[in-house]
Every structure is written in C-alpha cells, then in structure tokens.
Chemist: 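Here you go, one structure.
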Amino acid sequence: MDFKDVVKNRYSCKSYDGRKVEPEKLAAILEAGRLAPTAKNLQEQHIYVIQSDEGLAKIDNCTPCRYNAGTCLIVAFDKNNVYTYPNSTRESGVEDAAIVATHLMLAAANEGVDSCWLNCIDLDKIAQEFNLPENEEVLMILDLGYAAEGAGPLANHSNRKAISETVTYL
Ligand SMILES: Cc1cc2nc3c(=O)[nH]c(=O)nc-3n(C[C@H](O)[C@H](O)[C@H](O)COP(=O)(O)O)c2cc1C
C-alpha cells in the first residue's frame with residue numbers, strides 16, 4: 001500500500017470480529033518491528049504474541065480494551081539494556097519501544113489488519129499475568145484483527161488540529 005494510504009487508512013478499531021491475524025501477515029508486521037530504529041541500536045524490545053484463548057483471557061483480566069481482537073501484541077523492553085543519554089537522566093527504553101510499536105501499528109495497516117494501541121492498562125498486572133521477566137517493562141498492548149461488521153473509526157478520528165497549530169517553522 002502507498003505510505004500515504006497506510007497513514008490515512010489506519011484508525012483505532014474498537015470492535016473486532018474475533019478472527020486471528022494470519023501467520024504471513026503477522027510475520028510481516030513483526031518484521032517491521034524488527035527493523036525499527038533504537039538508540040545505539042540496542043534493540044531492547046521484546047514482543048509477545050498472544051492468540052490463545054487462555055492468553056486473551058489474561059489480557060481481558062487487565063484491560064476492557066481488547067474489543068474481541070483475536071490477536072494482541074505485548075510490547076515490552078529490557079530495562080537493563082537501555083541507553084542513558086549523555087548529561088541526562090533520560091533513558092531510551094520507552095522511546096525505543098514506542099517506535100517499535102508504531103512500526104507494528106503501521107505495518108498492520110499496510111497488511112489490511114485493524115489495530116488499537118492500548119495503554120489504559122495496569123501494566124504491572126500484565127507482567128504478572130504473563131509471568132514476564134523482572135528486567136522487562138511493558139510499554140503497551142496492540143490489539144490486532146479485523147473490524148466487526150459495522151465497526152469503523154470513532155468520530156474523533158477525523159478531528160485533527162491544523163498543521164499551523166502543531167508545527168512552527170523557525
Ligand atoms: C498512547 C496511546 C494510548 C492509547 N490507549 C488506548 C486505550 O487504552 N484504549 C483505547 O481504546 N484506545 C487507546 N488509544 C487509542 C486512542 O484513543 C486513539 O488513537 C485516538 O482517540 C485517535 O483515534 P484514531 O487512532 O482512530 O485516529 C490510545 C492511543 C495512543 C496513541
């Protein structure tokens with residue numbers, strides 16, 4: 001798909017028909033995450049693919065926002081392998097994982113797969129439910145799947161500020 005169409009077509013899907021993402025499409029989505037840039041190329045991301053009934057039930061224990069998606073990705077990163085910027089206390093983990101997650105989300109749109117970025121979640125509970133390693137921090141969950149019949153973008157999807165409100169040429 002043309003990149004402009006990918007960006008234009010993507011929206012946060014909040015009702016799915018429950019179908020799982022096909023392995024070939026999932027592989028293409030995960031590959032886009034693999035190719036994302038990270039600070040110092042540390043590649044500290046760790047992505048968990050959840051598709052089993054048991055795993056999806058665990059997601060439901062932590063957030064009401066799975067919306068019947070048949071596939072969820074948990075995007076986490078290794079807290080012990082992040083870059084601390086010089087003269088700063090800022091670390092790269094959240095930033096790097098967010099770039100990876102954005103690649104995953106846009107690659108999904110490119111594959112014709114609907115998605116929703118979730119962060120209204122008890123992230124610690126996710127880590128507990130899935131028994132994730134102590135050194136990993138969860139950034140977000142990406143719902144993936146196919147919109148249920150009649151579902152589509154919410155009204156706020158088409159409500160974006162004008163470029164002049166968010167961009168300044170200096
Ligand atoms: C960082 C972030 C966190 C979000 N968390 C949630 C969430 O927990 N639950 C949810 O239903 N949508 C969530 N969303 C989706 C936003 O509500 C949605 O992207 C926004 O309203 C714009 O709509 P659009 O993506 O359809 O353009 C999140 C989006 C982002 C970028």
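Order of listing sets the numbers, starting from 1, for every ligand and every atom in it. Residues take their numbers from the sequence shown, with the count starting at 1.
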Chemist: For N159, does its backbone N or O pair with a side-chain atom of N156 as donor and acceptor, under 3.5 Å?
Modeler: no

Chemist: If we ignore angles and hydrogens, is there a donor and acceptor under 3.5 Å between the side chains of D96 and Q45?
Modeler: no

Chemist: Anything under 3.5 Å between an N or O on ligand 1 and a protein N or O? List each pair with its distance, or write none.
Modeler:
from     : atom 1 : to   : atom 2 : distance (Å)
ligand 1 : 5 (N)  : W117 : O      : 3.2
ligand 1 : 5 (N)  : N119 : N      : 3.1
ligand 1 : 8 (O)  : N119 : N      : 3.0
ligand 1 : 8 (O)  : C120 : N      : 2.8
ligand 1 : 11 (O) : K14  : NZ     : 2.9
ligand 1 : 11 (O) : Y67  : OH     : 2.4
ligand 1 : 12 (N) : K14  : NZ     : 3.1
ligand 1 : 14 (N) : W117 : O      : 3.0
ligand 1 : 17 (O) : K14  : NZ     : 3.4
ligand 1 : 19 (O) : S12  : OG     : 2.9
ligand 1 : 21 (O) : N156 : ND2    : 3.1
ligand 1 : 25 (O) : R10  : NH1    : 3.0
ligand 1 : 25 (O) : R10  : NH2    : 3.0
ligand 1 : 25 (O) : S12  : N      : 3.4
ligand 1 : 25 (O) : S12  : OG     : 2.5
ligand 1 : 26 (O) : S12  : N      : 2.9
ligand 1 : 26 (O) : H157 : ND1    : 3.1
ligand 1 : 27 (O) : R10  : NH2    : 3.2
ligand 1 : 27 (O) : H157 : ND1    : 2.6
ligand 1 : 27 (O) : R160 : NH1    : 3.4
ligand 1 : 27 (O) : R160 : NH2    : 2.8

Chemist: Under a 4.0 Å N-O cut-off, is there an ion pair linking K4 with D2?
Modeler: no

Chemist: In plain terms, say whether E134 and K79 are close enough for a salt bridge, that is, a side-chain N and a carboxylate O under 4.0 Å apart.
Modeler: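 So E134 does not pair with K79 through a salt bridge.
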
Chemist: Does a side-chain N-to-carboxylate-O contact under 4.0 Å join D60 and R66?
Modeler: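 Salt bridge between D60 and R66, a charged N being under 4.0 Å from a carboxylate O: yes.
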
Chemist: Apply side chain to side chain donor-acceptor pair (under 3.5 Å) to residues N80 and N135 and explain how you reach the verdict.
Modeler: CA-CA 6 Å; N80 296 342; N135 58 309; 5.5 Å; no

